[in-house]
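Hydrogens, waters and symmetry mates are skipped; everything else that's a heavy atom, side chains included, is used. Here, residue 1 is the first one in the sequence, and each next residue gets the next number. The shown structure was predicted, so the numbers you read here are calculated from the model rather than taken from an experiment.
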Amino acid sequence: MPHLSHGKYILLVVLFILFQSCGKKVGTPSVETVAVIDTIIAKDTTTLIEIKPAEVEVQPIVEEPKVHTEDLNFNYLKAKSKVLWKTNSNSDTYTVDIRMKKDSLIWMNISVSMITGATGIFSKDRVQFFHKINNEYFNLTYDSLSTKMGFKINYEILQSLIVGNQPFKKNNSRVIRENENYILKQDEGRIQIDNYVGPNRKLKKLLVNDGPTENKLTLDYEDFATINQFLFPFSSQITLDVKDKDNKVVKTLISIKYSKVELLDSPLEFPFKVPAKYLNK
């Protein structure tokens, strides 16, 4: 049976929520390049050639295309998945259930061999975890959670990514065209983000780089299916490169496969109970 340590639990819960977005897996596309050629005109000492203004061709200014991703609209979300966690040293498998109320709550339950190992709930301002196997309770602010993860995290980012929306929509983007895709390049403080958007206006791939720490995050998505007229990826893969305390890069691969996803209008329950002895600490 895989061991669900509290450190892996926190990372698993956050990563699972943080990196759920919509889009197909893409390879490395070819980039169209434009060559700028400097023309050198040798001056003839005996003949003077006058270039009239009318003979100078003025190139039109081409504006960057406006690219917008298509948002998922919902009231409640309910899903079940299998998560494969793999590092250089080991490989574990978990069952993860997730429930969500738009703009309010995200709830998760992680099971190992059909035994609940941990439960987490994300509100607008706090993150709470209860590790049932080890009897440990965590009550964190998003600032402290961001410090643990090495990336900026808040509720809005988590919600956007779990439903497949672009996480930083209000941020000005530099747009690059690559074949049929657009790349929206953004700077969010210390974070650099590349959003790959496909012809269907869905987020296909996300690259996140934390400048000061050089921690990197790559998300690829596939196996799309239509749910309530919206596209949702039933498979995704996360590659996480994070430096440890010895400044060595640790690579983690997380593969997620959904067996069921529902977008609902009727309210869901979000069961989260912590023994009083942990709350009073």
Checklist line | Any Leu206 side-chain heavy atom under 4.5 Å of Tyr196 side chain | finding: no

Notebook entry, point to check: Pairs in or reaching into residues 249-261: which pass salt bridge (Lys or Arg N to Asp or Glu O under 4.0 Å), with residues at least two apart or in two chains?
Noted result: Asp241-Lys251, Lys260-Glu262

Note to self: Check whether Gln159 reaches the backbone of Asp103 with its side chain - one donor and one acceptor, N or O, closer than 3.5 Å.
What the structure shows: yes

Notebook entry, point to check: Is any side-chain heavy atom of Ser255 closer than 4.5 Å to a side-chain heavy atom of Leu253?
Noted result: no

Notebook entry, point to check: Would Asn215 and Lys243 satisfy side-chain hydrogen bond (donor to acceptor under 3.5 Å, both in side chains), going step by step from the backbone distance to the final call?
Noted result: CA-CA 7 Å; Asn215 292 339; Lys243 291 184 178 179; over 6 Å; no

Check: Does the side chain of Val261 come within less than 4.5 Å of Ile227's, by heavy atoms?
Finding: yes

Margin query: If I take atom CG from residue Asp97 and atom CG from residue Asn109, how far apart are they, to the nearest 0.5 angstrom?
Written below: 6.0 Å

Note to self: Once rounded to the nearest 0.5 Å, what's the spacing between atom CG of Leu219 and atom NZ of Lys204?
What the structure shows: 14.5 Å

Next item on the list: For Arg99 and Glu269, indicate whether the former's side chain and the latter's backbone hold a donor-acceptor pair under 3.5 Å.
Entry: yes

Margin query: I need the minimum non-hydrogen distance between Phe129 and Leu140, along with the two atoms involved.
Written below: CE1-CD1, 3.7 Å

Checklist line | For the student: nearest non-hydrogen atoms of Ile121 and Phe270, plus distance | finding: CD1-CB, 4.3 Å

Check: Measuring from Tyr142:OH to Ile153:CD1, what's the distance to the nearest 0.5 Å?
Finding: 9.0 Å

Notebook entry, point to check: Is there a donor-acceptor contact under 3.5 Å from the side chain of Asn195 to the main chain of Leu184?
Noted result: yes

Notebook entry, point to check: With a 4.0 Å cut-off, would you call Asp187 and Arg174 a salt bridge?
Noted result: yes

Note to self: Check for me whether Arg177 meets the cation-pi criterion with Tyr182, that is, NZ or CZ under 6.0 Å from the six-membered ring centre and within 45 degrees of the ring axis.
What the structure shows: yes

Check: How are the rings of Phe272 and Tyr137 set to each other: parallel, tilted or perpendicular (split at 30° and 60°)?
Finding: tilted

Margin query: If you define the side chain from C-beta out and look only at heavy atoms, does anything of Lys132 sit under 4.5 Å from Ile115?
Written below: no

Margin query: Just verifying a value: how many Å separate Leu264 CG and Met100 CE, rounded to the nearest 0.5 Å?
Written below: 13.0 Å

Notebook entry, point to check: When you look at CG of Asp265, are more than 12 heavy atoms from neighbouring residues, nucleotides or ligands closer to it than 6.0 Å?
Noted result: no

Checklist line | Distance in Å, Arg201 CZ paired with Leu231 CG, rounded so as to fall on 0.5 Å steps | finding: 12.0 Å

Item checked: side-chain hydrogen bond (donor to acceptor under 3.5 Å, both in side chains) between Thr95 and Lys82, worked out -> CA-CA 5 Å; Thr95 298; Lys82 289 287 186 182; 2.7 Å; yes

Notebook entry, point to check: Checking Ser123 side chain against Arg126 main chain: does a donor-acceptor pair fall under 3.5 Å?
Noted result: yes

Next item on the list: With the side chain counted from C-beta on, respond yes when Ile254 and Val83 share a heavy-atom pair under 4.5 Å apart, and no when they do not.
Entry: yes

Notebook entry, point to check: Just wondering, do Tyr76 and Ser266 contact through their side chains at under 4.5 Å, heavy atoms?
Noted result: no

Next item on the list: Any chance you could lay out the side chain to side chain contact (heavy atoms under 4.5 Å, CB included) test for Thr93 and Trp85, step after step, and finish with the verdict?
Entry: CA-CA 6 Å; Thr93 302; Trp85 180 289; over 6 Å; no

Check: Taking NZ, NE, NH1 and NH2 as the nitrogens, is one of them in Glu156 or Lys124 under 4.0 Å from a carboxylate oxygen of the other?
Finding: yes

Item checked: Any donor-acceptor N/O pair, Ser104 side chain to Lys101 backbone, under 3.5 Å -> no

Margin query: Hydrogens and angles aside, do Asp143 and Ser146 bring a side-chain donor and acceptor to less than 3.5 Å of each other?
Written below: no

Margin query: Contact between Met108 and Val96 at the side-chain level, heavy atoms closer than 4.5 Å - yes or no?
Written below: yes

Check: Step by step, would you call Glu214 with Asn209 a side-chain hydrogen bond (donor to acceptor under 3.5 Å, both in side chains)?
Finding: CA-CA 6 Å; Glu214 297 182 347; Asn209 181 45; over 6 Å; no

Margin query: Any side-chain to backbone donor/acceptor pair from Asn179 onto Asn181? Under 3.5 Å, distance only.
Written below: no

Checklist line | N/O donor-acceptor pair under 3.5 Å between Trp107 side chain and Pro271 backbone | finding: yes

Checklist line | Side-chain (Tyr155) to main-chain (Leu105) donor-acceptor, under 3.5 angstrom | finding: yes

Notebook entry, point to check: Should Tyr258 and Phe232 be marked as a ring-ring contact (aromatic ring centres under 6.0 Å, His included) after you check the CA-CA gap, both sets of side-chain angles, and the distance that decides it?
Noted result: CA-CA 10 Å; Tyr258 285 98; Phe232 198 92; 5.4 Å; yes

Checklist line | Heavy-atom side-chain contact between Lys205 and Thr218 under 4.5 Å | finding: yes

Item checked: Euclidean distance, Ser236 OG relative to Ile256 CD1, rounded to 0.5 Å -> 4.0 Å

Next item on the list: Assess whether side chain to side chain contact (heavy atoms under 4.5 Å, CB included) is satisfied between Thr119 and Gln128, documenting all intermediate values.
Entry: CA-CA 8 Å; Thr119 305; Gln128 298 179 72; over 6 Å; no

